[in-house]
S.K.: 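First the structure, which I've put down as structure tokens, then a few questions once you've had a look.
Whatever order the structure lists them in is the order used to number ligands and atoms, beginning at 1.
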Amino acid sequence: MSYKLPELPYSYDALAPYIDATTMEIHHTKHHQGYVNKLNAALEEAKLEDSDLEGLFGKISKLSSGIRNSGGGHFNHSLFWTILTPGGSELPEGELAKSVESTFGSLEDLKTTFANAAATRFGSGWAWLIVDADGELKVTSTPNQDNPLMDTAPDQGTPILGLDVWEHAYYLNYQNKRPEYIDAFWNIVDWKAVEKRYLAAKS
Ligand code: MN
């Protein structure tokens, strides 16, 4: 079995003006495809072709940097594409909304905390909203292509929302203005998809 590049559930220009079509196309067909190719090669080299990625993340400290970087790259981007949608969606009233309110105070407070994590991640990496082992929501960030499923992550849990803050994700449109990219991100977050991931993580 080998991993494959997933199709995007929308066209490359569908997230404009918040993420431009050229960035989306390069990000998907070059960057993400590159992680898929390197992941398959790294798994073959380690004779781990039939492994489940999430299982490997739980012992990533014992595996090669190739599996860590490209496995994280494939998983993180696959998640990222699915929590975005043209025009965004409102946070549905329900379990996630209640938990956001009790943990952060309000959705706006969550956004502020998350944006701060994304803005202060030095160099390349990701900001995350996770469900931790106690079922609690938490905001965290990871360097490079690490993620909170990895046994190396300081804050571990199931990611339900992620933002790619590598320059390749925003530089064409925003250059060095990462905070403007982070602000724009909220216009295209699919909170219904985030809630689905929340309910799955809690079950
Ligand atoms: Mn990326």
Side-chain angles (χ1 to χ4, degrees), residues 2-43 53-54 56-57 60 64-86 88 111 114-130 139-150 152-153 155 158-190 193-194 197:
S2 62
Y3 287 95
K4 289 191 172 60
L5 183 69
E7 281 188 29
L8 294 190
Y10 36 74
S11 61
Y12 290 128
D13 62 0
L15 304 178
Y18 307 109
I19 304 179
D20 62 283
T22 307
T23 296
M24 285 301 295
E25 184 167 3
I26 296 172
H27 203 170
H28 183 243
T29 63
K30 307 292 184 195
H31 293 277
H32 191 170
Q33 181 72 65
Y35 293 121
V36 170
N37 296 347
K38 286 181 189 160
L39 172 62
N40 287 329
L43 290 175
L53 262 191
E54 295 190 30
L56 294 180
F57 291 156
I60 206 74
S64 71
S65 60
I67 295 174
R68 180 172 175 172
N69 293 333
S70 49
H74 175 49
F75 178 91
N76 299 347
H77 288 87
S78 298
L79 182 150
F80 186 50
W81 309 134
T82 62
I83 55 89
L84 300 176
T85 194
K111 288 180 180 177
F114 186 96
N116 185 53
T120 57
R121 164 49 55 194
F122 181 74
S124 297
W126 291 75
W128 303 102
L129 176 64
I130 65 172
V139 166
T140 186
S141 77
T142 52
N144 305 316
Q145 293 296 354
D146 285 3
N147 67 48
L149 293 168
M150 293 183 176
T152 48
D155 295 314
T158 304
I160 62 170
L161 174 69
L163 176 60
D164 187 344
V165 295
W166 283 57
E167 283 190 344
H168 70 228
Y170 63 86
Y171 202 85
L172 287 181
N173 198 33
Y174 297 95
Q175 293 82 46
N176 61 329
K177 293 169 286 200
R178 188 192 286 183
E180 290 185 16
Y181 160 70
I182 298 167
D183 275 350
F185 166 68
W186 300 119
N187 293 291
I188 47 174
V189 170
D190 188 351
V194 177
R197 286 183 180 272

S.K.: Kindly give the atom name of the N, O or S atom of H168 closest to the Mn ion (ligand 1).
M.R.: NE2
S.K.: For the residue pair N173 and E180, establish whether any side-chain heavy-atom pair is separated by less than 4.5 Å.
M.R.: no
S.K.: Looking only at the aromatic ring of each residue, does the gap between the centers of W126 and F80 stay below 6.0 angstrom?
M.R.: yes
S.K.: Do H31 and W166 come close enough that some side-chain heavy atom pair is under 4.5 Å?
M.R.: no
S.K.: Looking from the Mn ion (ligand 1), what is the angle between NE2 on H27 and NE2 on H77, to the nearest 10°?
M.R.: 90°
S.K.: Starting from the Mn ion (ligand 1), look over the N/O/S atoms of D164 and name the nearest one.
M.R.: OD2
S.K.: Taking both backbone and side chain into account, is any N, O or S atom of H31 nearer than 2.8 Å to the Mn ion (ligand 1)?
M.R.: no
S.K.: Count the heavy atoms belonging to other residues, nucleotides or ligands that lie under 6.0 Å from NZ of K111, then report whether that count exceeds 12.
M.R.: yes
